[in-house]
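What follows is a set of notes on a single structure, which appears directly below.
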Number of protein chains: 2
Amino acid sequence: MEDLNTEDKIVNAAEAEFIERGYSGARMQAIADKAGINKALLHYYFRSKEKLFEVIFKLAIKMLIPKFIGIITSPETDFFDKIRYFVKEYITVVMKNPHIPGFIIHELNSNNSSLINVISDLNLNLSPVYKMIQEEIDEGRIKPIRPENLILNIVSMSIFPIEASPIIKAIFFKGNQKQYLELIEQRKEEVAEFIINSIRIK
Amino acid sequence: MEDLNTEDKIVNAAEAEFIERGYSGARMQAIADKAGINKALLHYYFRSKEKLFEVIFKLAIKMLIPKFIGIITSPETDFFDKIRYFVKEYITVVMKNPHIPGFIIHELNSNNSSLINVISDLNLNLSPVYKMIQEEIDEGRIKPIRPENLILNIVSMSIFPIEASPIIKAIFFKGNQKQYLELIEQRKEEVAEFIINSIRIK
DNA sequence: GTCTATAAGGTGATAGAC
DNA sequence: GTCTATCACCTTATAGAC
């Protein structure tokens with residue numbers, strides 16, 4: 001961390017602060033402290049809290065959303081293996097950034113501005129994924145399902161239990177962290193089987 | 001709204017403000033304005049922003065979490081009908097309060113305090129649900145599955161697509177609200193069938 | 001590029017009249 | 001119970017020395 005240039009130190013510190021506390025809860029002083037520099041330097045590099053936030057928000061989006069396409073167009077040839085691979089990798093990625101989904105959702109819901117454009121600007125093309133699913137249906141390998149619903153189901157089951165970890169932990173395990181981690185580890189396999197069981201045609 | 005007493009007017013206004021902007025983003029002035037009263041009155045009734053927030057947070061929790069148990073112990077006798085009933089009702093409830101899941105999760109993640117106790121204090125007893133699931137497994141009507149995983153899958157697929165609506169809307173429908181609402185309406189039936197297809201033993 | 005000092009405005013909270 | 005006026009503090013942002 002110490003051998004980073006100042007700009008990168010700021011970005012790292014801001015990432016931690018914004019993602020933990022959200023835009024309105026984040027403090028420029030806290031970011032400066034975490035980066036080990038002076039508050040005035042933040043404005044020298046990024047001009048305002050808002051500008052700095054935008055940089056971090058884009059970073060957060062890029063950490064989770066495009067990965068989604070990247071993993072789905074994986075080397076696996078079998079459709080069910082693709083699902084297995086996706087679920088395992090995506091849960092792993094989200095577990096490394098557990099606060100990012102909640103951060104993105106909260107900012108999109110509370111911020112009246114044009115943050116949503118950050119997502120549109122990704123120009124995510126789902127056509128190959130839709131096509132892949134439709135092919136499986138047409139060739140009688142999986143039951144008919146609207147592609148959007150299949151994707152949503154997979155993503156929901158992968159993200160939500162991690163995003164909502166404090167609640168899950170409290171309700172299922174009285175706050176026990178170890179039991180929670182075991183559950184998520186298990187889900188890397190079981191969620192995929194749950195999905196495959198649902199759509200497979202015997 | 002005008003014929004409510006002052007305290008209720010404040011609670012309603014605070015609910016809207018806190019759930020939309022979160023604790024740190026909410027403004028006491030905005031709450032007073034929405035309630036049509038003076039800022040000083042907020043402190044007369046609730047002493048501080050923090051106290052008022054606690055009231056709202058507890059309200060938000062009660063709107064979503066216990067409902068979960070209430071619906072599951074529904075009058076339906078058939079297990080699959082229970083699932084159908086739960087998914088339909090829960091998606092409907094969440095759609096009426098679409099910002100609450102994100103609000104709860106954000107506050108639990110960013111607030112270092114003891115908000116989590118609000119959930120523990122509910123003393124949610126899942127044993128009847130676990131037992132119900134285990135019975136279905138023992139009697140060979142559904143495939144073996146860890147009850148926690150089944151519950152998590154159902155809840156994830158019911159909540160996440162609503163909680164993350166701005167992203168879903170943007171990615172799937174270029175922001176089109178009507179198409180999004182149709183999708184969610186459809187999911188009230190389809191999510192249940194997706195689950196039942198996965199666990200049913202033919 | 002990096003710092004200290006300070007400006008400028010906002011925010012929760014209270015005092016005190018009615 | 002409800003209001004106006006005001007305090008005390010915090011936060012972003014900038015000026016200016018080095």
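Numbered from 1 within each chain, the chains take letters A, B, ... in sequence-line order. Basis for what follows: all heavy atoms, side chains included, without hydrogens, waters or symmetry-related copies.
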How long is the line joining [atom1] of [X] and [atom2] of [N], in whole Å?
X     : N      : atom1 : atom2 : answer
A:F18 : D:dT11 : CZ    : P     : 14 Å
A:D33 : D:dT11 : CG    : C1'   : 13 Å
B:Q29 : C:dG10 : CD    : C1'   : 11 Å
B:E7  : D:dT2  : CD    : P     : 10 Å
B:F46 : C:dG12 : CZ    : P     : 16 Å
B:L41 : C:dA17 : CG    : P     : 18 Å
A:N38 : D:dA15 : CG    : P     : 16 Å
B:R47 : C:dG12 : CZ    : C1'   : 13 Å

Notebook entry, point to check: Closest approach of B:I137 and B:K143, non-hydrogen atoms and distance?
Noted result: CG1-O, 3.9 Å
Margin query: Below the 4.0 Å mark, does D:dT14 have OP1 or OP2 next to a side-chain nitrogen or oxygen of A:H43?
Written below: no
Next item on the list: Step by step, work out the side-chain contact (heavy atoms from CB on, under 4.5 Å) result for B:M95 and B:L181.
Entry: CA-CA 10 Å; B:M95 274 301 275; B:L181 288 179; 3.5 Å; yes
So if I take every side-chain heavy atom of [X] and compare against [options], which nucleotide ends up nearest?
X     : options              : value
A:T6  : C:dA13, C:dT2, D:dC3 : C:dT2
B:A40 : C:dC3, D:dT4, D:dT2  : D:dT4
B:Y45 : D:dG1, C:dA13, C:dC3 : D:dG1
B:K49 : C:dT4, D:dT4, C:dA13 : C:dA13

Margin query: Using heavy-atom distances to pick each residue's nearest nucleotide on DNA chain C, tell me which of A:Y44 and A:K39 is more 5'.
Written below: A:Y44
Next item on the list: Under the side-chain contact (heavy atoms from CB on, under 4.5 Å) rule, what do B:N153 and A:R187 come out as? Steps first, then yes or no, please.
Entry: CA-CA 10 Å; B:N153 290 348; A:R187 287 179 65 80; 2.8 Å; yes
Check: Base, sugar-phosphate, or nothing for B:A26, non-hydrogen atoms under 4.0 angstrom?
Finding: sugar-phosphate
Notebook entry, point to check: Rounded to the nearest 0.5 Å, what separation is found between the CD1 atom of B:I154 and the CE atom of A:M157?
Noted result: 10.5 Å
Note to self: For A:I145, is there any backbone N or O sitting under 3.5 Å from a side-chain donor or acceptor partner on A:N149?
What the structure shows: no
